[in-house]
Amino acid sequence: MVAYSFKAQFAEPIITLEKRQTVRRLRKRHALPGEAVQLYTAMRTRHCRKLLDRDPVCKDVRRIDITIAGDHPELIASIAVEGLALDDAEIETFAWDDGFRPMADGSSARHHMGWFWLNSHGTGLFEGVVIRWEPRLG
């Protein structure tokens with residue numbers, strides 16, 4: 001079983017099952033398809049909280065490349081999953097699936113995700129994986 005920790009802003013979308021994926025850096029071990037995943041906020045702190053009573057099951061793990069460009073109007077210049085580039089509509093859907101929503105100023109979910117990525121990872125190419133999960137049935 002693999003555990004993942006999330007920033008507080010993602011707790012509610014995970015609990016309501018609106019967010020069913022996470023993007024992570026490459027590492028030795030990620031969840032495998034069919035394996036249970038535990039989802040937390042504030043892991044390794046005294047505020048640690050498990051987000052779902054029933055651990056969801058990993059659906060798939062796919063390679064992802066995200067390019068952040070500070071001069072791009074949406075900040076996310078491109079996303080490719082398994083080497084296939086997403087078009088603008090698919091990037092917006094991906095941002096929604098990853099727990100981002102349009103902002104009150106009218107900016108897109110993609111732009112909101114772009115700000116998050118820019119602040120967390122800076123500009124340039126991010127190489128990692130997208131891990132998707134399904135609620136456990138039964």
Side-chain angles (χ1 to χ4, degrees):
M1 184 171 314
V2 178
Y4 294 101
S5 186
F6 295 86
K7 295 188 181 293
Q9 76 185 66
F10 298 115
E12 191 61 28
I14 289 170
I15 291 167
T16 60
L17 304 177
E18 293 175 40
K19 178 177 170 66
R20 294 187 189 187
Q21 70 180 31
T22 186
V23 176
R24 300 294 165 130
R25 291 190 183 284
L26 297 173
R27 68 180 195 193
K28 269 189 183 180
R29 171 89 161 91
H30 278 294
L32 300 172
E35 182 177 23
V37 292
Q38 292 184 329
L39 309 176
Y40 294 88
T41 189
M43 205 160 71
R44 297 186 185 96
T45 74
R46 63 186 175 106
H47 303 290
C48 181
R49 178 171 61 109
K50 191 173 182 191
L51 297 174
L52 298 172
D53 292 331
R54 295 183 59 114
D55 295 334
V57 176
C58 176
K59 180 178 176 180
D60 58 36
V61 179
R62 299 179 297 165
R63 182 98 167 85
I64 189 166
D65 296 320
I66 301 174
T67 303
I68 302 297
D71 60 348
H72 189 282
E74 295 288 348
L75 300 175
I76 297 175
S78 66
I79 296 179
V81 178
E82 294 293 330
L84 300 173
L86 303 184
D87 66 26
D88 288 342
E90 291 168 326
I91 293 173
E92 182 70 9
T93 299
F94 185 93
W96 275 80
D97 291 346
D98 207 42
F100 295 93
R101 298 295 178 263
M103 301 295 285
D105 65 4
S107 59
S108 65
R110 174 184 182 169
H111 190 79
H112 185 195
M113 181 180 173
W115 272 112
F116 177 86
W117 277 88
L118 182 63
N119 290 325
S120 299
H121 304 283
T123 59
L125 177 63
F126 172 90
E127 298 174 302
V129 293
V130 57
I131 301 135
R132 298 189 310 164
W133 60 82
E134 293 288 338
R136 189 181 295 263
L137 302 175

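Keep in mind that the numbers below use all heavy atoms, side chains included, and drop hydrogens, waters and symmetry copies.
- You'll find the side chain of E18 stays beyond 4.5 Å of the side chain of E12, heavy atoms only.
- Separating the CD1 atom in I79 from the CD atom in E92 is a distance of 10.0 Å, to the nearest 0.5 Å.
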(message) Test side-chain contact (heavy atoms from CB on, under 4.5 Å) on I76 and I68; report intermediate values, then the result.
(response) CA-CA 5 Å; I76 297 175; I68 302 297; 3.7 Å; yes
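- Here the OG1 atom belonging to T67 is positioned 5.0 Å from the CG atom belonging to L125, to the nearest 0.5 angstrom.
- Under the 4.5 Å side-chain criterion, counting only non-hydrogen atoms from C-beta, Y4 is not in contact with I14.
- Using a 4.5 Å heavy-atom threshold, the side chains of W96 and R101 count as touching.
- In this pair, H121 and F126 present their aromatic rings tilted. The plane angle is within the 30 to 60° band.
- Here the closest non-hydrogen pair linking P33 and D60 is CG-CA, 4.2 Å.
- Connection of L39 to V57 is not established within any shared hydrophobic cluster, with ILVMFWY side chains joined at heavy-atom distances below 4.5 Å, either directly or through further cluster members.
- Within a 6.0 Å sphere centred on CZ of R44, heavy atoms belonging to other residues, nucleotides or ligands number 12 at most.
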(message) Does M103 form a side-chain contact (heavy atoms from CB on, under 4.5 Å) with H111? I'd like the steps, not just the answer.
(response) CA-CA 9 Å; M103 301 295 285; H111 190 79; 6.0 Å; no
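- Both L86 and L75 are members of a single hydrophobic cluster when ILVMFWY side chains are connected at heavy-atom separations under 4.5 Å.
- Contact record, A69 with A77: CB-CB, 4.1 Å, taken as the closest heavy-atom pair.
- The pair D97-R132 does not meet the salt-bridge criterion, since no charged nitrogen lies less than 4.0 angstrom from a carboxylate oxygen.
- Contact of the W133 side chain with the K59 side chain is not registered, since no non-hydrogen atoms from C-beta on lie closer than 4.5 Å.
- Of the possible polar contacts, none joining the R24 side chain to the I131 backbone as a donor-acceptor pair under 3.5 Å is found.
- F116 is listed as a side-chain neighbour of Q9, based on a closest heavy-atom distance under 4.5 Å.
- Atom CZ of R46 has 12 or fewer neighbouring heavy atoms from other residues, nucleotides or ligands inside a 6.0 Å radius.
- In this structure, the side chain of T41 engages the main chain of F6 through a donor-acceptor pair within 3.5 Å.
- Under a 4.0 Å N-O distance rule, the pair R62/E82 does not qualify as a salt bridge.
- A pairwise comparison of heavy atoms in A11 and R49 identifies CB-NH2, 3.6 Å as the closest pair.
- For the atom pair CZ of R27 and CZ of R29, the computed distance is 8.5 Å after rounding to the nearest 0.5 Å.
- The same ILVMFWY cluster, assembled from side-chain heavy atoms under 4.5 Å apart, contains both I64 and V61.
- A heavy-atom distance below 4.5 Å is not found between the side chains of H30 and V2.
- For E74 against S108, the heavy-atom pair with the smallest separation is OE1-OG, 2.6 Å.
- For the pair L32/C58, no side-chain contact is recorded, criterion being any heavy-atom separation below 4.5 Å from C-beta on.
- The backbone N or O of D98 lies less than 3.5 Å from a partner atom in the side chain of K19, making a donor-acceptor pair.
- Proximity of V129 to V23: side-chain heavy atoms (C-beta onward) are nowhere separated by under 4.5 Å.
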(request) Could you go through the side-chain contact (heavy atoms from CB on, under 4.5 Å) check for L52 and R136 one step at a time? (result) CA-CA 10 Å; L52 298 172; R136 189 181 295 263; over 6 Å; no
(request) Evaluate the side-chain contact (heavy atoms from CB on, under 4.5 Å) criterion for residues M113 and F94: first the C-alpha distance (whole Å), next the side-chain angles of each, then the deciding distance (0.1 Å), finally the verdict. (result) CA-CA 10 Å; M113 181 180 173; F94 185 93; 3.6 Å; yes
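- In this structure, OG on S78 lies 12.5 Å from CG on D87, to the nearest 0.5 angstrom.
- Within 6.0 Å of NZ in K7 there are 12 or fewer heavy atoms belonging to other residues, nucleotides or ligands.
- Other residues, nucleotides and ligands contribute only 12 or fewer heavy atoms inside 6.0 Å of the CG atom of D53.
- Q38 places no side-chain N or O within donor-acceptor distance of the main-chain N or O of D55, the cut-off being under 3.5 Å.
- Going from atom CD of E127 over to atom CZ of R25 covers 10.0 Å, rounded to the nearest 0.5 Å.
- Atom CG of L17 and atom CG of L51 lie 11.0 Å apart (nearest 0.5 Å).
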(message) For a ring pair (Phe, Tyr, Trp, His ring centres under 6.0 Å) check, start with the C-alpha distance between F100 and F10, then their side-chain angles and the critical distance, and finish with the verdict.
(response) CA-CA 9 Å; F100 295 93; F10 298 115; 5.3 Å; yes
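- A donor-acceptor distance shorter than 3.5 angstrom exists from the side chain of E35 to the backbone of M1, with no hydrogens or angles considered.
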